[in-house]
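Quick one: the structure is below, questions incoming.
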There are 2 protein chains.
Amino acid sequence: MTSTPVRTTRQRRAVSAILAELDAFASAQDIHEKLRSNGDAVGLSTVYRNLQALSDAGEVDAIRGDDGEVLYRRCSSGHHHHLVCRTCGRTVEVEGPTVESWADRTAREHGFVDVEHTLEIFGTCDTCAH
Amino acid sequence: MTSTPVRTTRQRRAVSAILAELDAFASAQDIHEKLRSNGDAVGLSTVYRNLQALSDAGEVDAIRGDDGEVLYRRCSSGHHHHLVCRTCGRTVEVEGPTVESWADRTAREHGFVDVEHTLEIFGTCDTCAH
DNA sequence: GTGGATTTGACAACCGTTCCCAGGCTTCCT
DNA sequence: AGGAAGCCTGGGAACGGTTGTCAAATCCAC
Ligand SMILES: [Zn+2]
Ligand SMILES: [Zn+2]
Ligand SMILES: [Zn+2]
Ligand SMILES: [Zn+2]
């Protein structure tokens, strides 16, 4: 089995750095723009590639926004879901053992196997609701 | 307030008819193709428009597939979620009062208001798992 | 049947994302 | 340090789903 060679380039570090200091979900283009305005210019293709790599490696979560664009966020490692403010983007990671078992049980009752699920909660946070 | 005039055209009826006899979620292009092979030719733009109208009217559910394309399905009217076979597309509507209250409670505990959520379960159905 | 607003459909435009590939940069070996 | 190997980058072209455009067709109320 071949090992997976990974080089630590300036660009890769820059993308990770942005993600580290970001609380909300952001699109590839958002991140590309932030990098640019930080002076750390990185090609758009490279941003896409690195975000996907990070996502594949499980280092960031990826969800799809209403308009269909993919949004990324550095998250804790375990299985969890998100409570997202639809105004400011502030995001809280939440866990719900009850939901997990309900989803598995429901799927099993209907004869489904190899089950996964997606669950996101959207609302307006107290700050934005003033 | 202006009323919303709606004309029952051949095309609109054809799209609704396809949705009525379809169990699985299907994309606009899937439906366009089915209509075409049924002999009921309908322009692609028209299919998109009518699906969106039906979705806005709450007559069909719309979810987003893994690759980002929007999938439509005629569903029952109340709030529910879906258990979808990722191989054949067979879909079961499921309800989970437990989940509903958990989502609302969790959001409230974090100070969020005006809350919505999305939840879909994907797996392999017994037929496809043979 | 006629008038007039709604709807259609072919095509262009859009937008996020992926592909391509020549040149650059990390790594590793000596 | 010097150099070879090949992963990585980036600019632009290509892609696929979706939306916009607008003249022509259609539906419906009168
Ligand atoms: Zn907020
Ligand atoms: Zn879960
Ligand atoms: Zn199946
Ligand atoms: Zn629900």
*Give a yes/no answer on whether the side chain of A:Q11 brings an N or O atom under 4.0 Å of OP1 or OP2 in D:dG10.*
yes
*Please name all residues satisfying salt bridge (Lys or Arg N to Asp or Glu O under 4.0 Å) with B:R73, sequence neighbours left out, ordered by chain then number.*
B:D23, B:E93
*asked:* If hydrophobic residues (ILVMFWY) are linked whenever their side-chain heavy atoms come closer than 4.5 Å, directly or via other members, who joins B:V47 in its cluster?
replied: B:V15, B:I18, B:L19, B:L22, B:I31, B:L35, B:V42, B:L51, B:L54, B:V60, B:V70, B:Y72
*Qualifying residues under salt bridge (Lys or Arg N to Asp or Glu O under 4.0 Å), relative to A:D126, sequence neighbours excluded*: A:R90
*Does the side chain of B:R12 get closer than 4.0 angstrom to OP1 or OP2 of D:dC27 through an N or O atom?*
no
_Side-chain N or O of A:N50 versus OP1/OP2 of D:dC8: is the shortest distance under 4.0 Å?_
no
_Donor-acceptor pair, side chain of A:T8 and main chain of A:V6, under 3.5 angstrom_ = no
*For A:E116, all residues meeting salt bridge (Lys or Arg N to Asp or Glu O under 4.0 Å), sequence neighbours excluded*: B:R86
*Check whether any side-chain heavy atom of A:H80 lies under 4.5 Å from a side-chain heavy atom of A:D61, and answer yes or no.*
yes
_If hydrophobic residues (ILVMFWY) are linked whenever their side-chain heavy atoms come closer than 4.5 Å, directly or via other members, who joins A:V94 in its cluster?_
A:L83, A:V92, A:V99, A:W102, A:F112, A:V115, A:L119, A:I121, B:L83, B:V92, B:V94, B:V99, B:W102, B:F112, B:V115, B:L119, B:I121
_With sequence neighbours excluded, residues passing ring-ring contact (aromatic ring centres under 6.0 Å, His included) with B:H79_ = B:H81, B:H117
*Can you list the residues that meet the ring-ring contact (aromatic ring centres under 6.0 Å, His included) rule with A:F25, with sequence neighbours excluded?*
A:H82
*Bend angle of the helix from C:dG1-D:dC30 to C:dT30-D:dA1, end axes from five pairs each (to 10°)*: 30°
*Please indicate whether A:E109 has more than 12 foreign heavy atoms, meaning atoms of other residues, nucleotides or ligands, lying under 6.0 Å from its CD.*
yes
*To the nearest Å, give me how far apart CD (B:Q52) and P (C:dT8) are.*
13 Å
_ILVMFWY cluster membership beyond A:L44 - transitive side-chain contacts under 4.5 angstrom_ = A:Y48
*Can you give one letter per nucleotide of nucleotides 19-30 of chain C, going 5' to 3': B for a protein heavy atom under 4.0 Å from the base, S for sugar-phosphate only, - for none?*
BB----BBS---
_For A:R36, I'd like to know if atom CZ has over 12 heavy atoms of other residues, nucleotides or ligands within 6.0 Å._
no
*Under 4.0 Å from any atom of DNA chain C, heavy atoms only: list the residues of residues 14-42 of chain B that qualify, in numerical order.*
B:V42
*Taking A:R10 for its side chain and A:D40 for its backbone only, find out whether a donor-acceptor pair lies under 3.5 Å.*
no
_Below 4.0 angstrom, which residues in residues 54-74 of chain A have at least one non-hydrogen atom near DNA chain C?_
A:E69, A:V70
_Length of the CG-P vector between B:L44 and C:dT8, whole Å_ = 13 Å
_Counting only side-chain nitrogens and oxygens, does B:Y48 get under 4.0 Å of the OP1 or OP2 atom of D:dT19?_
no
